[in-house]
Amino acid sequence: MNKLLLKSSILVSLLHVSSGVMAEGSVQHFGQSTQHVAQSATHSAKAVGNSVVGVTKLVSGVVAIPFKGLEAVGSLSETVGDFLWENASGNVELDVSEETVTAGPAPFLNNETLVIANN
Amino acid sequence: MCLKSFHIILVFLFCCLAHSSSFAGSRQAMETDAIPSYELAPFAKKIEKYAASKGARVFLIARLGSPKSELPENIEFTHVGLAVYSEIKTSTGEVLMGYAIHNLYQNANDLNVSNLIIDYPLDFFMGAAELKAGIIIPKLQLQKKLLASLASGVNKVLHNANYSVIANPYLSSYQNCTEHILDILFSSIYGIDDVAQIKANERAYFKAQEIKISPLKRMLAPMLSREISTSDHQGQIQTATFSTIAKFLNDYALAESSVVIDNSGVHLLGN
């Protein structure tokens with residue numbers, strides 16, 4: 001009986017220390033969550049891209065290039081980006097698309113996303 | 001008799017721990033209490049639109065991943081990333097305008113290891129305990145420097161994959177998400193990528209957050225959790241936080257604004 005009590009005390013104490021000290025830190029949630037989003041939107045786990053949550057359209061992002069088209073990153077918007085950047089006063093309103101972009105499944109499950117992350 | 005004494009000691013320790021402040025909540029509880037996507041998506045878009053309305057090309061963004069009540073004193077946010085105004089090419093070939101977020105995330109299968117990941121505001125807020133975001137918009141000149149740093153891959157050069165939740169920002173033994181952003185900031189401000197010089201500058205000009213943790217937790221935590229290391233701390237535990245970065249940027253006139261956005265509106269950080 002004493003041994004049982006002892007073991008359970010140790011277990012409870014250790015569990016408490018472990019859970020109590022752990023911070024959320026920077027755990028990545030998007031892998032599980034985009035699947036959850038897709039489930040919310042379509043009741044299916046397979047579709048992540050182009051689904052809808054409430055009135056929000058979700059699309060899957062493949063690559064993101066900073067708008068000031070820097071050579072080292074890419075050149076999607078070289079001309080317009082440079083012009084806007086050089087003339088920016090810091091408070092000029094920028095356009096944001098209405099679609100909500102998601103990163104797709106976790107990178108260790110999806111090679112495409114892993115490549116993006118390592119670019 | 002010996003066992004009985006040991007049991008009493010354990011019960012005592014348990015009671016002590018129950019009353020000491022926890023660092024954060026468990027992930028399981030977080031998932032159970034997860035904010036539904038139909039609330040997160042418009043909130044994430046609201047954050048994007050706020051930043052865009054201020055003309056922010058690059059800004060610091062933070063989320064609260066655990067209930068505030070479970071965090072140590074003065075910890076307002078638990079994860080920080082760098083949001084960059086971008087052209088986003090989608091899987092269907094569309095090009096959208098919005099923010100991509102450059103993060104240091106823990107490896108889900110190996111919590112003491114991190115990876116650099118680019119995601120988007122909705123992804124960023126998944127797992128948040130509250131619909132609450134921290135935003136620091138740097139001065140335009142600093143935004144340009146930050147963007148140049150990302151373009152030249154400085155974030156990869158400065159990445160240290162050895163992760164600790166309470167990494168000491170003054171040393172390079174471990175790095176967490178916030179310290180990673182701090183290192184990019186210092187690298188961009190000074191135009192350097194030498195880690196030793198960056199750390200020297202941080203020791204000189206950046207004041208980290210002291211974390212109050214009981215001696216027992218401090219001793220046992222590294223044994224019980226791979227994401228916590230205390231070996232890089234002498235004396236008081238100190239780590240970089242969103243709030244201490246905001247203070248640093250404000251003190252040196254490097255921030256345009258620092259705010260918290262929640263469902264009740266936009267508030268100045270610290271108010």
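Letters go in sequence order (proteins before strands), and every chain restarts at 1. If you're wondering where the values come from, they're calculated on a predicted model, not measured in any experiment.
Across all non-hydrogen atoms, the minimal contact from P66(A) to L147(B) is CB-CD1, 3.4 Å. Between V96(A) and A52(B) the shortest heavy-atom distance is CG2-CB, 3.3 Å. When all heavy atoms of I88(B) and G61(A) are compared, the closest pair comes out as CG2-CA, 4.2 Å.
Only the side chain of Y99(B) comes within less than 4.5 Å of a heavy atom of chain A; its backbone N, CA, C and O stay farther away.
For N74(B), there are no side chain to side chain donor-acceptor pair (under 3.5 Å) partners two or more places apart in sequence or in a different chain.
Side-chain atoms of D119(B) do not come within 3.5 Å of backbone N or O of A103(A) as any donor-acceptor pair.
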Dump the intermediate steps for salt bridge (charged side-chain N to carboxylate O under 4.0 Å, His left out) on E98(A) and K49(B), then the final yes or no. CA-CA 10 Å; E98(A) 287 304 319; K49(B) 288 189 172 178; 2.6 Å; yes

As a quick check of understanding, evaluate side-chain contact (heavy atoms from CB on, under 4.5 Å) for E99(A) and E94(B), giving each step before the final call. CA-CA 11 Å; E99(A) 292 89 343; E94(B) 285 176 281; 3.7 Å; yes

Pair L96(B)-V101(A), side-chain contact (heavy atoms from CB on, under 4.5 Å): steps then yes or no: CA-CA 9 Å; L96(B) 305 174; V101(A) 181; 3.8 Å; yes

Using the rule given for side-chain contact (heavy atoms from CB on, under 4.5 Å), can you reason through L58(A) versus L122(B), listing the C-alpha separation, both sets of side-chain angles and the distance that settles it, and then say yes or no? CA-CA 10 Å; L58(A) 298 183; L122(B) 177 59; 3.6 Å; yes

Just do the side-chain contact (heavy atoms from CB on, under 4.5 Å) check on M126(B) and T102(A) with the steps written out, would you? CA-CA 10 Å; M126(B) 288 289 183; T102(A) 70; over 6 Å; no

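If you take CD1 on I65(A) and NZ on K89(B), they are separated by 8.0 Å, rounding to the nearest 0.5 Å. In this structure, M97(B) CE and D95(A) CG are separated by 7.5 Å, a value rounded to the nearest 0.5 Å.
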